[in-house]
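Just so it is clear, the values below take in all heavy atoms, side chains as well, and ignore hydrogens, waters and symmetry mates.
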Amino acid sequence: MLALLAFIPIVITLVLMLVFNWPAKWSLLVSFAVAFVFGLVFWQIDVLELLATSVYGMLNSMDVLIIILGAILVMNTLKASGATAAINRGFMNICPDKRVQACIIGFSFCSFIESAAGFGTPAALAGPLLVCLGFPPLAAAMITLIFDSVAVSFGAVGTPVTSALNVLGLSGDAAFASQFSFWTAVPHAIVGTFLPLIVLLMTTKIFGKEKSFKPALEAAPFALLTGLSFSIPMLLICIFIGYEFASLLGALISMAVAVIAAKYGFLVPKKSWDFGKSDEWDKEWLATGEVSPIKESKMPLLKAWIPYLLISLILVLTRIPQLHIKDLLTSGAPFVLKIENLFGYEKLDWSLKWAYLPGTFFIIVAFITNFIHKMNKEQIKRAWKDTVKQVSGAALALLFGLALVEIMKYKNAAGISMMDEMANTLAMVGKELYVLIAPFIGVLGAFVSGSATVSMNLFSNLQYDTANVLDLPAAFIIAMQCVGAAVGNMVCINNAVAASATIGIGGKEGKLIKTNAIPMLIYVLATVAFFYIISALGVTPDII
């Protein structure tokens, strides 16, 4: 009976979002209210204890909210100042071959934007750029959504991983964080290496004049170079520097390598390839609505990139152990806000290391950019107005999502939580089958919520508890959840809607999601196969 009740809040979220098309913020509010009542009536938790737990969950969302606020503020500041247009202009004349452009802009640039901003921004920025370069709108949406996956686990400076560690209460466990991030990075590095080639194969087969894989295979060397130029640095940075900027620095290196290789014709196919004449394209590929053109900007390219370079530099400097900046910024007041024994409950101690959060650095860089780019009051006002509008929905979703998670993992007087009941039920499928299920739970969370971070908030405790019940390595299972949550970006409803709206193909989201389901399945099944293999070889999480 209790096991069935434990699943109901999650089922409500899925039904409201999938069947009734409710946004995540209202779906999670309803689910939170149901979980609160269930905790009071069926788990017999005191009402004050439930209120304290809910407030504790909402306070825990502050870390993520500051990162989201800062990341989106930087993006909107660059759009308002004209820097985004200048960056787009810089990509225009690198190479006329559409396969090469798809790799550089779709993969490397998308990965960089995901790493710096996250939360669905890559497709909204890179998609219109590809259209301007002569890509069919539907192809541009497909390419950018598929590529917005490999960098997601460490996107927005590692927010999904950080969020999972916070929810699990393991943010101070350096060993687990290292194992979790490493085993998240490895399958991304393996599949990510081949992802550019997979996307080119789909692009030339679906949208090419020849309807053939051959043009993609001709560009295979460049596609693999692009994939490797991201995957190898990302993995090494994750191991030796930290997961927070594994994708950020990996994407910067990938862009540099891919652009230089394209400029000098290294591994670039001798014969240039494109989509043919636009008047011969299938009508299904075309825009159904008006597309806003990219405004011209005379800003020098280096000046446009300064904010991103500043962010990268600050993040690296604050995370090099030998400099001891991290020790200073996490040492306590005034750099750390603390509330101990929230509402008098000893196990509810909250802290916010605001001075060390990437989001704080994002906000500082946004202010610096106002002066570097000589922005006027109207431009600054527009950037903040757009940011507040975008963040408000995410804020509500995270507030109620984390409050829901805290209630569901809170143990009653008998020592049983809703998550315990759910984990025990899922454990009945057995070890072997659960390894197959684990990443799809991550995909499901991202699909319905539109966010890998929300997926991690919702299901990390469930995955962790189930792994413990089944005696599976928790770091492996949480890593599979994290990879699944990232790959779910390819097919998530919110991202498909956002990408379609910016490119002018509204109404074709269903077609887009069905097409992107193919690489999503390839990615997830390859990840599952990888974990089956390392498990069969007896590899343990602490191998690193």
Side-chain angles (χ1 to χ4, degrees), residues 1-20 22-58 60-61 164 167-169 343 345 347-348 396-430 433-434 437-438 440-449 454-470 472 474 477-478 481 484-485:
M1 174 65 176
L2 285 180
L4 177 63
L5 291 171
F7 278 99
I8 287 178
I10 299 298
V11 172
I12 288 174
T13 302
L14 300 179
V15 170
L16 290 177
M17 293 186 71
L18 289 176
V19 180
F20 296 100
W22 280 32
K25 56 186 178 182
W26 302 126
S27 303
L28 289 169
L29 169 59
V30 173
S31 298
F32 160 72
V34 171
F36 191 99
V37 172
F38 281 9
L40 188 65
V41 177
F42 299 107
W43 269 262
Q44 298 181 335
I45 302 172
D46 182 74
V47 65
L48 183 60
E49 205 167 357
L50 283 170
L51 285 171
T53 304
S54 302
V55 172
Y56 178 73
M58 291 180 178
N60 278 337
S61 71
V167 168
L168 291 169
F343 285 24
Y345 293 98
K347 50 187 174 181
L348 298 179
L396 286 172
L398 283 168
L399 284 170
F400 293 121
L402 279 168
L404 168 66
V405 167
E406 288 300 326
I407 286 178
M408 295 190 71
K409 75 175 189 179
Y410 197 83
K411 296 182 185 295
N412 61 11
I416 300 294
S417 70
M418 296 183 197
M419 285 292 182
D420 292 334
E421 294 287 354
M422 294 171 71
N424 291 331
T425 302
L426 285 173
M428 293 179 185
V429 303
L433 187 56
Y434 192 75
I437 293 173
F440 283 103
I441 295 175
V443 171
L444 179 64
F447 174 76
V448 298
S449 70
V454 174
S455 179
M456 297 307 292
N457 288 338
L458 286 174
F459 296 124
S460 290
N461 275 289
L462 173 63
Q463 300 268 29
Y464 187 84
D465 292 346
T466 307
N468 289 331
V469 172
L470 289 171
L472 286 165
I477 298 301
I478 298 299
Q481 156 72 23

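Among all heavy-atom pairs drawn from I477 and A467, the shortest one is CG1-CB, 3.7 Å. Here the closest heavy-atom approach between residue M58 and residue L399 is recorded as CG-O, 3.5 Å. The minimum heavy-atom distance between P9 and L404, with the atom names listed, is CB-CD1, 4.1 Å. Listed here is the closest heavy atom pair of G401 and L28: CA-CD1, 4.0 Å. The two residues L40 and L50 make their nearest non-hydrogen contact at N-CD1, 3.5 Å. Smallest separation of non-hydrogen atoms from M456 and A164: CE-CB, 3.5 Å.
Note that CG of L470 and CG of N424 are 9.5 Å apart. Values are rounded to the nearest 0.5 Å. Atoms CD and CZ, on E421 and F7 in that order, are 9.5 Å from each other to the nearest 0.5 Å. Here CD1 of I437 is found 12.0 Å from CG of L444. Values are rounded to the nearest 0.5 Å. Distance check: L402 CG to S54 OG gives 11.5 Å after rounding to the nearest 0.5 Å. One finds the CE atom of M408 at 8.0 Å from the CG atom of L462 (value rounded to the nearest 0.5 Å). One distance of note links CG of L5 with CZ of F38; it measures 5.0 Å at 0.5 Å rounding.
In this structure, S417 contributes its side chain and K411 its backbone to no donor-acceptor pair below 3.5 Å. Q463 places a side-chain N or O within donor-acceptor distance of the main-chain N or O of A438, the cut-off being under 3.5 Å. Looking at S455, its side chain does come within 3.5 Å of a backbone N or O of G442 through a donor-acceptor pair. Put simply, the side chain of D420 never gets that close to the backbone of I416: no donor and acceptor are under 3.5 Å apart.
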Working for side chain to side chain contact (heavy atoms under 4.5 Å, CB included), residues W26 and L16: CA-CA 9 Å; W26 302 126; L16 290 177; over 6 Å; no

Worked verdict on I10 versus F459 for side chain to side chain contact (heavy atoms under 4.5 Å, CB included): CA-CA 10 Å; I10 299 298; F459 296 124; 3.8 Å; yes

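With a 4.5 Å cut-off on side-chain heavy atoms, L168 and I478 count as touching. Taking the side chain as every heavy atom from C-beta outward, S460 and Y464 never approach each other to under 4.5 Å. Counting only heavy atoms from C-beta outward, the side chains of N60 and V167 never approach each other to under 4.5 Å. Counting heavy atoms from C-beta outward, D46 and Y345 have side chains that approach closer than 4.5 Å. Contact check for L51 versus F36: side-chain heavy atoms found under the 4.5 Å cut-off. When side chains are defined from C-beta on, W43 counts as touching L2, because their heavy atoms get closer than 4.5 Å. Residues L48 and F343 are in side-chain contact: their nearest non-hydrogen atoms beyond the backbone lie under 4.5 Å apart. When side chains are defined from C-beta on, E49 counts as touching Y410, because their heavy atoms get closer than 4.5 Å.
Side chain to side chain, S31 and T13 meet the donor-acceptor criterion of an N or O pair below 3.5 Å.
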